[in-house]
Amino acid sequence: MNALKVNRLRCILAIVFCTLLSVLVFLAVSDQLLSTPDAIVQEVGWKSFHMFTILANMFMGIAAAMCIPYAVDGLRYDNYHLPRWIVNVLFMATTGVALTFLIAVTVLSPMTSYYRMMLFSNNILFHTINPILSILLFIFINSDHRVSLKSSFIAVSPVVLYAVLYFVQVFLLGEDNGGWRDHYQIKEITQYIPLPLVVLGMILIDFAVAALLRIAHNRVHEKRKKETERYYQYSEAYAYPDIQSAVRALALANRENDQGGELIVPRRIMRMMENKYQSSLPMDELCRLYIDAYYQADGEINRER
């Protein structure tokens, strides 16, 4: 399968699964808001937003929805490409829900039951389906940029912020003074482990989760990048004598496929062509060449209409 077909498949999968994930998050949160408290979970209604699981899933749903317009444009231009800042937002959100999945499997399920934590009611969405879908999306579909080590530190920031909020609401204010109930039973844990070590342990676990996601994401990204570069270097569709001809052909093809006539300059693809032709032309000149050819084709299409 060539790079353009892979790109189209990624666009379709991104649209379908990002939409699905956003809808599932909405349904799960709505169900939690309308639920009644029981012996295990008392944070229902607006108190649902006291729980990290709810907040992490909501963040993930928003991050997934942000990818949909770019996937739609990717279908139009054969160039699914997310801005780096959105990939970093996805990294933060995916790290959060992956942490909830890990804690649910290793800590909460043994304390209650795997059925209760992973399959019962909306837990099947919060603790199982949404995290797994988020991880697969981040690694295999929305892997547009290499994630840096610096981004791994940013990825744990939601947990750090939540830890600060939890400390203020539970330890400083307390439930009797309008704060939160200690729904994660941190006070009981601190009878055996000092609070700073508890917080540090959670942050380190979250960083380890982020590191694993980063490694997997980057490996898929590098493999896809090499396959895409190989396509633009060896495909007969771009077998031209020089880069100028190749850029013009790319502009003409994109304008013909774009019924709306909205100009987007594919700098990333032209950079790959640059490597193929060993061109010394500066990128701004290639961009001007692309724009001129695009508008030339635009005029021809308008005359035909």
Side-chain angles (χ1 to χ4, degrees), residues 10-38 40-75 80 82-83 85-105 108-109 114-144 155 157-159 161-162 165-166 169 180-181 183-184 206 209-210 213 217:
R10 284 179 63 217
C11 292
I12 294 171
L13 292 177
I15 293 170
V16 171
F17 288 109
C18 286
T19 302
L20 176 63
L21 180 57
S22 298
V23 171
L24 291 179
V25 168
F26 174 78
L27 293 176
V29 173
S30 299
D31 182 65
Q32 187 69 22
L33 289 171
L34 299 174
S35 296
T36 55
D38 57 28
I40 297 178
V41 179
Q42 298 180 27
E43 279 63 36
V44 296
W46 293 110
K47 289 185 178 180
S48 302
F49 301 119
H50 296 178
M51 294 190 292
F52 181 78
T53 297
I54 306 297
L55 298 175
N57 270 262
M58 290 177 62
F59 186 23
M60 189 66 238
I62 293 170
M66 291 167 63
C67 299
I68 298 172
Y70 293 96
V72 173
D73 270 353
L75 281 176
Y80 181 36
L82 295 172
W85 70 271
I86 286 188
V87 175
N88 286 334
V89 169
L90 284 168
F91 188 26
M92 285 192 291
T94 307
T95 299
V97 293
L99 178 66
T100 65
F101 176 76
L102 178 65
I103 297 300
V105 170
L108 300 179
S109 292
Y114 281 94
Y115 172 75
R116 167 75 195 199
M117 281 295 109
M118 309 303 295
L119 300 174
F120 178 74
S121 186
N122 58 22
N123 281 346
I124 192 173
L125 297 177
F126 283 133
H127 292 155
T128 305
I129 295 177
N130 291 352
I132 292 175
L133 188 55
S134 301
I135 293 168
L136 294 177
L137 273 169
F138 179 70
I139 293 175
F140 295 106
I141 306 300
N142 295 323
S143 49
D144 254 20
S157 59
V159 168
L161 293 174
Y162 182 81
L165 181 61
Y166 194 89
Q169 292 289 339
W180 297 353
R181 183 178 76 93
H183 48 272
Y184 289 128
D206 195 37
V209 170
L213 287 172
H217 174 98

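Computation of the quantities below employed the complete heavy-atom set of this structure, encompassing side-chain atoms and omitting hydrogens, waters and symmetry-equivalent molecules. Given the structure is predicted, the values throughout are model-derived calculations rather than measurements.
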Looking at CD1 of I68 and OG1 of T19, how far apart are the two atoms once the value is rounded to the nearest 0.5 Å? 3.5 Å
Kindly give the heavy-atom pair with the smallest separation between H183 and Y166, and that separation in Å. N-OH, 3.3 Å
If we only count heavy atoms from C-beta on, is the L82 to L90 side-chain gap below 4.5 Å? yes
Nearest heavy-atom neighbours spanning P158 and F59: CG-CE2, 4.3 Å
Sorted by chain and residue number, the side-chain hydrogen bond (donor to acceptor under 3.5 Å, both in side chains) partners of N88 (sequence neighbours excluded) come out as S151
Does the pair F126 and T100 meet the rule for a side-chain contact (heavy atoms from CB on, under 4.5 Å), with working shown? CA-CA 8 Å; F126 283 133; T100 65; over 6 Å; no
Please name the pair of heavy atoms, one in V97 and one in P131, separated by the smallest distance, quoted to 0.1 Å. O-CB, 3.6 Å
Y184 side chain vs F52 backbone, donor-acceptor pair below 3.5 Å: yes
Does any non-hydrogen side-chain atom of F101 lie less than 4.5 Å from one of I132? yes
Look only at the side chain of S22 and the backbone of G61, and say whether a donor-acceptor pair between them is shorter than 3.5 Å. yes
Describe, in one word, how the ring planes of F138 and H217 are oriented to each other, choosing from parallel (under 30°), tilted (30 to 60°) and perpendicular (over 60°). parallel
Which of these, V25, V23, V29, sits in a side-chain contact (heavy atoms from CB on, under 4.5 Å) with L27? V23
Any chance you could measure K47, atom NZ, to Q42, atom CD, to the nearest 0.5 Å? 8.0 Å
Indicate the atoms forming the closest heavy-atom contact of I124 with L119, along with that distance. CB-O, 3.6 Å
Test side-chain hydrogen bond (donor to acceptor under 3.5 Å, both in side chains) on N142 and Y70 and set out the steps. CA-CA 11 Å; N142 295 323; Y70 293 96; over 6 Å; no
Would you confirm whether H127, through its side chain, and A104, through its main-chain N or O, come within 3.5 Å as a donor-acceptor pair? no
Give a yes or no on whether F26 atom CZ has more than 12 heavy-atom contacts from other residues, nucleotides or ligands under 6.0 Å away. no
Distance col, row I62:CD1 vs C67:SG, nearest 0.5 angstrom, shows 12.5 Å
Euclidean distance, T128 OG1 relative to M118 CE, rounded to 0.5 Å: 3.5 Å
Between N122 and Q32 the two heavy atoms that sit nearest each other are ND2-OE1, 2.9 Å
To the nearest 0.5 Å, tell me how far E43 CD sits from S48 OG. 8.0 Å
Under the side-chain contact (heavy atoms from CB on, under 4.5 Å) test, residues paired with F140 that sit two or more places apart: L136, V220
So, do Y80 and L75 sit near enough that their side-chain heavy atoms are less than 4.5 Å apart? no
Is T94 reaching over with its side chain to a backbone N or O of F91, donor-acceptor style, under 3.5 angstrom? no
Which side-chain hydrogen bond (donor to acceptor under 3.5 Å, both in side chains) pairs, counting each pair once, include a residue from residues 57-66, with sequence neighbours left out? N57-N130
Test item: Q169 side-chain N/O and H50 main-chain N/O as donor-acceptor pair under 3.5 Å: no
Closest contact, heavy atoms only, L213 versus A98: CD1-CB, 4.2 Å
Please evaluate residues V89 and W85 with respect to the criterion side-chain contact (heavy atoms from CB on, under 4.5 Å), reporting the C-alpha separation (whole Å), side-chain torsions for both, the decisive distance (0.1 Å), and the verdict. CA-CA 6 Å; V89 169; W85 70 271; 4.1 Å; yes
Quick one: pull up OH in Y115 and CZ in F120 and give me the separation to the nearest 0.5 Å. 6.0 Å
I would like to know whether L33 and V44 meet side-chain contact (heavy atoms from CB on, under 4.5 Å); could you show each step before the answer? CA-CA 5 Å; L33 289 171; V44 296; over 6 Å; no
